[in-house]
Amino acid sequence: MWCCRLSHLHGRLQNLLSRGVTCSAFQQPNFKSLFPLAIRWHHTASKSLNCAWQQHEDHFELQYANTVMRFDYVWLRDHCRSASCYNSKTHQRSLDTASVDLCIKPKTIRLDETTLFFTWPDGHVTKYDLDWLVKNSYEGQKQKVIQPRILWNAEIYQQAQVPSVDFQSFLETNDGLKNFLQNFLLYGIAFVENVPPTQEHTEKLAERISLIRETIYGRMWYFTSDFSRGDTAYTKLALDRHTDTAYFQEPCGIQVFHCLKHEGTGGRTLLVDGFYAADQVLQKAPEEFELLTKVPLRHEYIENVGECHNHMVGVGPVLNTYPWNKELYLIRYNNYDRAVINTVPYDVVHRWYTAHRTLTVELRRPENEFWVKLKPGRVLFIDNWRVLHGRESFTGYRQLCGCYLTRDDVSNTARLLGLQA
Ligand SMILES: C[N+](C)(C)CCCC[C@H](N)C(=O)O
Ligand SMILES: O=C(O)CCC(=O)C(=O)O
Ligand SMILES: [Fe+2]
C-alpha cells in the first residue's frame with residue numbers, strides 16, 4: 001500500500017515536472033541538471049521511423065505516427081500478447097490481471113526496429129509493435145467514430161436515392177447482403193423488394209442477417225387492428241413517432257415490418273432520423289443535449305388483456321452516448337410509454353422538460369419526416385436505436401407482420417462482411 005501511495009505522489013510530482021520537460025526538452029539542453037531524476041527521451045537510430053519514448057515514474061510516454069500516447073504500466077503488462085498471457089487461437093486473455101502488482105514498472109525498455117520490449121521485474125518480457133500501440137491506445141482511438149453514419153432529413157434521404165435490394169440477391173449473394181447492410185448502417189433504414197408477402201418469407205429474410213429476438217409479442221408477430229393486445233399499435237389510430245420497447249433494459253435493436261395486406265385508406269409509415277434531430281439539439285443547445293444524456297428515465301409497459309399479463313420496465317436516458325467520444329448510439333423516445341419521472345428533483349425535471357421539448361420540436365419538423373406507404377413485397381428494416389417510426393391512422397383491413405432482431409447479431413454479420421460496425 002505504501003508503495004502505491006508514495007509512488008502515486010511521486011508520480012504526480014514527476015508528472016507535473018515532465019509536462020514541462022516534454023515541451024521544452026529540445027530547447028533547453030540543460031534541463032536535465034535541474035532534475036536529478038530526470039526523464040530521458042530515447043530516440044530510434046533510424047530518423048525515418050520518427051519514434052521517441054520516455055519512461056516516467058507512473059506511465060510510459062510514446063511519440064509515434066504523429067501521436068503522443070501515454071500508457072499505464074499495469075495496462076502494458078495486462079495487454080501482453082505472449083503465449084503465456086494470451087491465447088491467440090481463441091483471442092482470449094490467459095493472464096490473471098489480479099496477479100499483476102498495481103505498482104508494477106518495467107525493469108528495462110528497449111526498441112528494436114518497430115518493436116518495443118518491456119522486461120518486467122520477474123523477468124517476463126512483453127513485446128509490442130508500434131503500430132499495434134497506435135491502433136489500440138486511447139489517444140489513437142478516441143477521435144475515431146465507432147459507427148460512420150449519414151444523418152438525414154427527408155430531402156437528404158430522398159436525394160441519396162439509396163437503392164433497395166432485391167429479395168433474391170439479398171438471400172443468395174454476399175454482395176446483395178453487404179450492400180443492404182452498408183445502407184442500413186449508414187441511414188438506419190433499408191428496404192428489400194420483391195419479397196413474397198408471407199410471414200415465412202419475411203422470417204427467412206430476418207434470419208439471413210440476424211437472430212430473431214423473441215419478446216412478449218412473440219417471435220414473428222402478425223397484427224391487425226383487433227386490440228388483441230393492450231397497446232395502441234393494435235388499433236387503427238395514428239401513432240406519433242417513437243422507438244419501440246423503450247421499456248426494455250435493452251430496447252430491441254432492429255424492427256422488421258412487412259405489410260401483407262391493406263384494403264383501405266391511410267396507414268402510411270412515418271420515419272424520422274432521431275440522430276439527425278439530436279444533432280440539431282447538440283448544435284443549438286449543447287447543455288440540453290447533455291441533460292438528455294444524463295437524466296435516467298423509466299419506461300413501462302403494463303398489460304392485462306385476455307391471457308396477456310405483462311409488466312416491463314426499462315431505465316435509461318433519452319440519449320445514450322459513448323463516454324469517451326460523445327458519440328450517440330441509442331435514442332429512447334416514446335412519450336406513450338414513458339413512466340413517472342422520480343429519478344431527479346423538481347428543478348432538474350423542469351430543465352429536462354425544456355430539453356425534451358427542444359428535441360421534440362426537431363423530431364416534429366415536417367422537413368425531417370419521411371413518409372412511406374408499406375406494400376406487400378416491400379420489407380422495411382428500421383434501426384430502433386436510431387430511427388423513430390410512427391403511422392397515420394387508417395381505415396379498412398390492414399395486416400402487418402414482422403419481428404425484432406438482436407442488434408449484436410446484425411453487427412456481427414456486418415463485420416464478417418468487412419463493414420465497420
Ligand atoms: C410491433 N409490435 C406490434 C409487435 C409491438 C408494438 C409495441 C408497441 C409499444 N408501444 C412499443 O412502442 O414498444
Ligand atoms: O402499424 C404500424 O405501421 C406500426 C405500429 C407500430 O408502431 C409498431 O407496431 O411498433
Ligand atoms: Fe412502434
Side-chain angles (χ1 to χ4, degrees), residues 188-189 191 197 199 202-203 206 212-274 297-306 308-316 318 330-339 363 369-376 378-407:
I189 51 173
F191 294 91
Q199 184 172 303
T202 313
E203 183 173 6
I212 293 172
R213 179 163 173 189
E214 188 165 353
T215 65
I216 50 171
Y217 304 106
R219 191 180 128 83
M220 292 298 296
W221 30 258
Y222 189 71
F223 72 101
T224 59
S225 47
D226 58 3
F227 210 76
S228 58
R229 303 294 301 263
D231 193 277
T232 36
Y234 297 77
T235 66
K236 289 183 194 319
L237 298 172
L239 291 175
D240 191 27
R241 63 223 70 198
H242 65 274
T243 59
D244 267 23
T245 61
Y247 43 80
F248 287 178
Q249 290 290 33
E250 191 200 286
C252 290
I254 284 90
Q255 180 157 45
V256 182
F257 276 138
H258 192 179
C259 182
L260 300 180
K261 207 177 255 176
H262 185 199
E263 291 145 0
T265 59
R268 285 179 310 158
T269 296
L270 166 64
L271 298 164
V272 179
D273 184 359
L297 289 180
R298 233 192 304 272
H299 287 78
E300 202 166 25
Y301 181 83
I302 305 171
E303 179 182 40
N304 283 301
V305 171
C308 301
H309 302 283
N310 293 294
H311 188 174
M312 309 292 298
V313 177
V315 181
V318 173
L330 186 161
I331 179 168
R332 219 184 256 263
Y333 185 99
N334 193 322
N335 208 50
Y336 301 113
D337 297 335
R338 191 159 46 73
L363 288 169
E369 297 182 341
F370 174 53
W371 288 93
V372 59
K373 175 77 183 156
L374 298 180
K375 289 184 296 217
R378 193 156 198 241
V379 177
L380 167 63
F381 288 69
I382 305 171
D383 180 348
N384 188 52
W385 282 20
R386 166 177 173 186
V387 175
L388 285 70
H389 64 278
R391 75 155 185 239
E392 191 181 28
S393 64
F394 62 92
T395 65
Y397 186 69
R398 183 171 176 267
Q399 219 179 40
L400 228 69
C401 91
C403 58
Y404 295 115
L405 306 178
T406 56
R407 190 184 189 80

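Both counts, for ligands and for their atoms, begin at 1 and track the order of listing.
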Legend entry - Near-ring test Tyr397/His262, centroid separation under 6.0 angstrom: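 They do not qualify: ring centres at least 6.0 Å apart.
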Legend entry - CD1 on Ile212 to CE on Met220, rounded to 0.5 Å: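 Met220 atom CE to Ile212 atom CD1 measures 5.5 Å (nearest 0.5 Å).
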Would [X] count as a contact of ligand 1 if the rule is a heavy atom under 4.0 Å away?
X      : value
Gln255 : yes
Tyr404 : yes
Phe223 : yes

Examine the side chains of [X] and [Y] and answer whether a donor and an acceptor come within less than 3.5 Å of each other.
X      : Y      : result
Asp244 : His389 : yes
Asp337 : His299 : no
His311 : Glu300 : yes
Ser225 : Lys236 : yes
Tyr301 : Asp231 : no

Legend entry - Element-labelled atoms of ligand 1 that are located less than 4.0 Å from some non-hydrogen atom of Asp337: 9 (C), 10 (N), 11 (C), 12 (O)
Inset, instruction - Mark up the atoms of ligand 1 that fall under 4.0 Å of a heavy atom belonging to Asp231, in ascending order. - result: 8 (C), 9 (C), 10 (N)
List the closest protein heavy-atom neighbour of [atom]: residue, atom name, distance to the nearest 0.1 Å.
atom                    : value
atom 9 (O) of ligand 2  : Phe223 CZ, 3.4 Å
atom 10 (O) of ligand 2 : Asp244 OD2, 2.8 Å
atom 8 (C) of ligand 2  : Phe257 CZ, 3.7 Å
atom 1 (O) of ligand 2  : Arg391 NH1, 2.7 Å

Atoms of ligand 2 less than 4.0 Å from [X] heavy atoms?
X      : result
Leu239 : 5 (C), 6 (C), 7 (O)
Leu400 : 1 (O), 2 (C), 3 (O)
Arg398 : 1 (O), 2 (C), 3 (O)
His389 : 6 (C), 7 (O), 8 (C), 10 (O)
His242 : 7 (O)

Legend entry - Rounded to 10 degrees, the angle NE2 of His242 makes with NE2 of His389 at the Fe ion (ligand 3):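 Seen from the Fe ion (ligand 3), NE2 and NE2 are separated by roughly 90°.
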Inset, instruction - Looking only at distances, please establish whether an N/O atom of ligand 1 is found under 3.5 Å from an N/O atom of Tyr217. - result: no
Legend entry - NZ/NE/NH1/NH2 to OD/OE distance under 4.0 Å, Arg407 and Glu250: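 The answer is no: the pair does not qualify as a salt bridge.
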Inset, instruction - Measure up the Phe370 and Phe191 rings against each other and bin them: parallel (under 30°), tilted (30 to 60°), perpendicular (over 60°). - result: perpendicular
Legend entry - Residue pair Tyr404 / Tyr217, side-chain heavy-atom distance below 4.5 Å: yes
Legend entry - Greater than 12 external heavy atoms within 6.0 Å of Lys375's NZ: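 No - once you tally the heavy atoms of other residues, nucleotides and ligands closer than 6.0 Å, there are 12 at most.
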Quick one: look at [X] and ligand 1, take heavy-atom pairs under 4.0 Å, and tell me if it's side chain, backbone, both or neither.
X      : result
Tyr247 : side chain
Thr232 : neither
Tyr234 : side chain

Inset, instruction - Heavy-atom distances under 4.0 Å are what count here, so tell me which part of Leu374 touches ligand 2: side chain, backbone, both or neither. - result: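 For Leu374, there is no contact with ligand 2 at all, from either part.
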Inset, instruction - Report the C-alpha distance between Trp371 and Thr269 in whole Å, list the side-chain angles of each, state the deciding distance to 0.1 Å, and finish with yes or no for side chain to side chain contact (heavy atoms under 4.5 Å, CB included). - result: CA-CA 6 Å; Trp371 288 93; Thr269 296; over 6 Å; no
Inset, instruction - Please report the C-alpha distance between Phe223 and Tyr234 in whole Å, then the side-chain angles of each, then the deciding distance to 0.1 Å, and finally whether the ring pair (Phe, Tyr, Trp, His ring centres under 6.0 Å) criterion is met. - result: CA-CA 7 Å; Phe223 72 101; Tyr234 297 77; 5.2 Å; yes
Inset, instruction - Please name the atom of Asp244, restricted to N, O or S, that is closest to the Fe ion (ligand 3). - result: OD1
